[in-house]
Each structure stands twice: as structure tokens, then as C-alpha cells.
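First up is the structure itself, then whatever we jot down about it.
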Amino acid sequence: MAAPFAARAVGPVSSCRSGGESVEQSQPDLIIPTGKRKGRNLSVPSVYRALAEQAKREAYPEAVEQAHADFATLQTRELSGPRARPQAVR
């Protein structure tokens, strides 16, 4: 999955777009540095998805903070001990 790299690629693409360059023009310069697709170009749809996610994070920072807090709470609960086994329904 190229999503983590796509998220890091938002900065360079945003600066290129502000300079008048389109995503399609800057896409050949985005190379995936690690993983199964190492050395290949990031797809144009992946770049657009990353730009959309960045726009959401900028528009709703409080929602991102809440999601991080909720995730941390879930992780703490999972690490605190074994879960109780559900009782059989009769």
C-alpha cells in the first residue's frame, strides 16, 4: 500500500501545485522509497487521496486529535489484560 508514502509526498506536491504545476506533472518525480513497490512511481490517484486526507486534517484538526485520543484509549484497554469471555447464549 502506498498510502504512508503518499502522506509524506503531500508537502512536495503541495508546493509544486502552488507553483502552478499539476499533480500529473509532479507525479513522475515521486518515487516509493521502501516496500514491495520500491523504486516505482506513486500513482496519481494515490497522490490525490493523500491531498484529500491532508485537506481533511487541516479542516478538522479537533477531529484528528479526538481520533488519536480514542485510538490511544483502545490500545490501553487491549494492553491492560485479558478480555472476559462472553457467556454462551441459551
Side-chain angles (χ1 to χ4, degrees):
M1 179 198 304
F5 177 70
R8 290 190 306 255
V10 169
V13 172
S14 295
S15 62
C16 290
R17 289 186 75 186
S18 64
E21 192 174 339
S22 70
V23 170
E24 288 81 6
Q25 291 170 327
S26 60
Q27 180 264 343
D29 299 330
L30 301 173
I31 306 296
I32 299 172
T34 60
K36 185 171 126 179
R37 297 190 62 212
K38 180 179 179 178
R40 294 186 184 174
N41 291 70
L42 192 62
S43 69
V44 173
S46 293
V47 175
Y48 277 113
R49 281 192 297 271
L51 289 170
E53 286 296 319
Q54 178 67 22
K56 281 188 213 174
R57 282 192 295 274
E58 290 174 358
Y60 304 104
E62 66 281 349
V64 173
E65 290 175 22
Q66 184 61 45
H68 285 291
D70 291 347
F71 182 74
T73 302
L74 286 172
Q75 292 297 316
T76 304
R77 285 184 195 162
E78 288 179 6
L79 296 175
S80 65
R83 290 188 229 169
R85 295 185 103 182
Q87 294 182 356
V89 177
R90 294 181 186 183

### Message
Suppose we screen for side chain to side chain contact (heavy atoms under 4.5 Å, CB included). Which residues come up paired with Val64, at least two apart in sequence or across chains?
### Response
Arg57, His68

## Note on the structure
Note: Pro61 and Glu58 closest approach over all heavy atoms is CD-O, 3.6 Å

### Message
Could you tell me if Gln66 and Glu62 have a donor-acceptor pair between their side chains, going purely by distance under 3.5 Å?
### Response
no

